[in-house]
Amino acid sequence: MRISIVTSTPQIVSLGSGTYVATDSLRRGLEDAGHSVALVCPAREPGVLGLTVRDLVMGLDMDGFTLSGQIHPFVCHVLGVLADEATFERGYVAHLLRLQARAERRSANHADMVLTTSDYSAQRIAQLYGVDRSLIGVVPPAFDVAQWQSDFAGVSAGLDASAQPTVLCVAHMYPRKDVRTLIGAARRLTDAGRSLEVRIVGGGPERGALQRAAAALGLSEVVQFTGQLSHSDLMAEFAGCDVFCLPSLQEGFGIAFLEAMASGKPVVAAKATSTPELIEDGVNGLLAQPRDENDLAMKIARCLDNPDLCSQMGEANRIKAARYDVKRTTARLLDLVSEIL
């Protein structure tokens, strides 16, 4: 089958970006399954020539909204519900997301099929875009779990154990990621006499404000901001941490959680939006109340104080991650789109 994926991300070197990872993994997964895949970037290829000779055109998020209803079959694949994300943001970010959501709504309403990454996202598409819930298929984002675990084994093998407990967070720092609550939890833990390091990987509009907040709390030595990292350096961060923590208030799925799971790490997160679909409290992670730094601190402390529990949750994550390997999710996607081919 000849498939075109319309996306603004193929040329963006945005290390750690969930959308970039999912897009690249989806392309490779489809090609490994024997299909011809072209990534089309409208901004660089005006007119989108040649799409009419493809067997299937898929627009990621709002990308390709001008094609929806014009080219068939067309699939709107929503990796992140922009209208939902906007409700958790403020200022120019919220304004931009609301504008983009208008395009995403148009794409979803005129597509032959809508796909998204979680039951939560499917419900929000139905509520915010007016798409019949029965017409929305759910398929997790593509992620090469097997390749990640193979690479991770090589990175972790030569890594010395950290001298103190380490909590890792990976996020593009928007307000909805709520990294601020993690910093508050770190203050509570250090005030209680605990020695730990919190390492925050990524960039984003909140990074400067978060660094100043950590400094104001006297946490400049405890909370380390690494910026964006290469693939191998990111794996080294996962290998060196004891707990992965991202108290995000809004996730359509959460690729960073899947990276932690594939690395065999316990996860501490907020009990919000799609996260409980991936992280089961007490089984493969611990869930805290949203925006509650005291509860988050207690959940992190529980992990750090119970190495056996951490080990059990980490192993549960390693096993569960296999369910989301790109071969399985690609097969699921192809099965769904076969209904309109």
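Nothing here was measured: the structure is a model prediction, and the numbers come from that model.
Tracing side-chain contacts under 4.5 Å through hydrophobic residues (I, L, V, M, F, W, Y), one never reaches L99 starting from Y92; they form parts of separate clusters. No path of Ile, Leu, Val, Met, Phe, Trp and Tyr side chains, each step under 4.5 Å between heavy atoms, connects V114 with L60, placing them in separate hydrophobic clusters. One hydrophobic cluster, built from ILVMFWY side chains closer than 4.5 Å, holds both L168 and V155. The hydrophobic clustering, which links ILVMFWY residues whose side-chain heavy atoms are closer than 4.5 Å, places I136 and V337 apart. Grouping the Ile, Leu, Val, Met, Phe, Trp and Tyr side chains by contacts below 4.5 angstrom, directly or via other members, places V223 with M173.
Counting only heavy atoms from C-beta outward, the side chains of L210 and F225 approach each other to under 4.5 Å. Two residues are said to be in side-chain contact when any heavy atoms from C-beta on lie closer than 4.5 Å; C241 and V167 fail this criterion. Put simply, the side chain of L189 reaches to within 4.5 Å of the side chain of L196, judged on heavy atoms. Within the 4.5 Å cutoff, the side chain of P141 has heavy atoms near those of the I255 side chain. At a threshold of 4.5 Å between non-hydrogen side-chain atoms, the residues I200 and T226 do not count as touching. Looking only at side-chain heavy atoms (C-beta outward), H77 and L79 come within less than 4.5 Å of each other. Proximity of L234 to S230: side-chain heavy atoms (C-beta onward) are nowhere separated by under 4.5 Å. When side chains are defined from C-beta on, F253 counts as touching P140, because their heavy atoms get closer than 4.5 Å.
A donor-acceptor contact shorter than 3.5 Å links the side chain of H110 to the backbone of R106. E277 places a side-chain N or O within 3.5 Å of a backbone atom of D119 that can act as its donor or acceptor partner. T190 places a side-chain N or O within 3.5 Å of a backbone atom of A186 that can act as its donor or acceptor partner. At least one donor-acceptor pair closer than 3.5 Å links the side chain of D292 to the backbone N or O of N294. R105 places no side-chain N or O within donor-acceptor distance of the main-chain N or O of Q100, the cut-off being under 3.5 Å. Judged by distance alone, with hydrogens and angles left aside, the side-chain atoms of S338 form a donor-acceptor pair with the main-chain N or O of D335 at under 3.5 Å. With hydrogens and angles ignored, the 3.5 Å screen pairs a side-chain donor or acceptor of T116 with a backbone N or O of V78. Without hydrogens or angle criteria, S311 side chain to P307 main chain gives no donor-acceptor distance under 3.5 Å. Here the side chain of Q147 pairs no donor or acceptor atom with the backbone of F143 at under 3.5 angstrom. Side-chain atoms of D295 come within 3.5 Å of backbone atoms of Q289 as a donor-acceptor pair (strictly under, hydrogens ignored).
Checking L219, V198, D178, V222 one by one against I183, the side-chain contact (heavy atoms from CB on, under 4.5 Å) holds for a single residue, L219. Tested against M313, the residues L286, V243, V283 include a single side-chain contact (heavy atoms from CB on, under 4.5 Å) partner, L286. Partner V75 forms a side-chain contact (heavy atoms from CB on, under 4.5 Å) with one of L333, L336, L56 and no other, that one being L56. If you run salt bridge (Lys or Arg N to Asp or Glu O under 4.0 Å) between E206 and each of K177, R180, R212, only R180 comes through. The salt bridge (Lys or Arg N to Asp or Glu O under 4.0 Å) with D84 is formed by just one residue from the set R124, R176, R98; it is R124.
Here the straight-line distance linking atom CG of L128 with atom OG1 of T87 works out to 7.5 Å at 0.5 Å rounding. Residue L229 holds its CG atom at 8.0 Å from CZ of R199, rounded to the nearest 0.5 Å. Taking CG of N284 as the start and NZ of K265 as the end, the distance is 15.0 Å to the nearest 0.5 Å. Here the straight-line distance linking atom CG of L287 with atom CG of L296 works out to 10.5 Å at 0.5 Å rounding. C310 contributes atom SG, which lies 10.0 Å from atom CZ of R302 (distance to the nearest 0.5 angstrom). Rounding to the nearest 0.5 Å places CG of L67 at 13.5 Å from CE of M58.
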**OP:** Step by step, work out the side-chain contact (heavy atoms from CB on, under 4.5 Å) result for N109 and Y129.
**Re:** CA-CA 7 Å; N109 274 273; Y129 297 157; 4.1 Å; yes
**OP:** Step by step, work out the salt bridge (Lys or Arg N to Asp or Glu O under 4.0 Å) result for R28 and D32.
**Re:** CA-CA 6 Å; R28 289 186 286 108; D32 289 345; 5.8 Å; no
**OP:** Please lay out, stage by stage, how C76 and L115 fare under the test side-chain contact (heavy atoms from CB on, under 4.5 Å).
**Re:** CA-CA 6 Å; C76 174; L115 298 178; over 6 Å; no
**OP:** Starting from the C-alpha separation in whole Å, work towards a yes-or-no answer on side-chain contact (heavy atoms from CB on, under 4.5 Å) for V179 and C169.
**Re:** CA-CA 8 Å; V179 177; C169 178; 4.1 Å; yes
**OP:** Check step by step if side-chain contact (heavy atoms from CB on, under 4.5 Å) holds for L341 and M1.
**Re:** CA-CA 10 Å; L341 293 177; M1 181 165 55; 3.3 Å; yes
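Shortest non-hydrogen contact noted between L182 and C245 is CD1-SG, 3.8 Å. For R207 against G202, the heavy-atom pair with the smallest separation is CD-O, 4.0 Å. Looking at every heavy atom in both residues, G252 comes nearest to S118 through O-OG, 2.7 Å. Contact record, G285 with I279: CA-CG2, 3.8 Å, taken as the closest heavy-atom pair. In terms of heavy atoms, A185 sits closest to E293 at CB-O, 3.5 Å. Contact between P73 and I340 at its shortest, heavy atoms only, is CB-CD1, 3.8 Å.
Looking at Q312 and D308, their side chains never bring a donor and an acceptor atom within 3.5 Å of each other. S107 and E104 are not linked by any side-chain donor-acceptor pair at a separation below 3.5 angstrom, with hydrogens and angles left out of the test. At a cut-off of 3.5 Å, with distance as the only test, no side-chain donor of Q250 or T273 sits close to an acceptor on the other residue.
Using cut-offs of 30° and 60° for the angle between ring planes, the W148 and H231 rings count as perpendicular.
In this structure, the ring of F238 has its center no less than 6.0 angstrom from the ring center of F152. Remark: aromatic rings of F257 and Y324 are distant, center separation not under 6.0 Å.
Residue R102 qualifies as open at atom CZ: its count of foreign heavy atoms under 6.0 Å is 12 or below. Residue K271 qualifies as open at atom NZ: its count of foreign heavy atoms under 6.0 Å is 12 or below. Residue R188 places its CZ atom among more than 12 non-hydrogen atoms of other residues, nucleotides or ligands, all under 6.0 Å distant. By the neighbour-count criterion of 12 heavy atoms within 6.0 Å, atom CZ of R318 is densely surrounded, having more than that number from other residues, nucleotides or ligands.
A salt bridge between D281 and K299 is absent, with no side-chain N of the basic residue lying under 4.0 Å from a carboxylate O of the acidic one.
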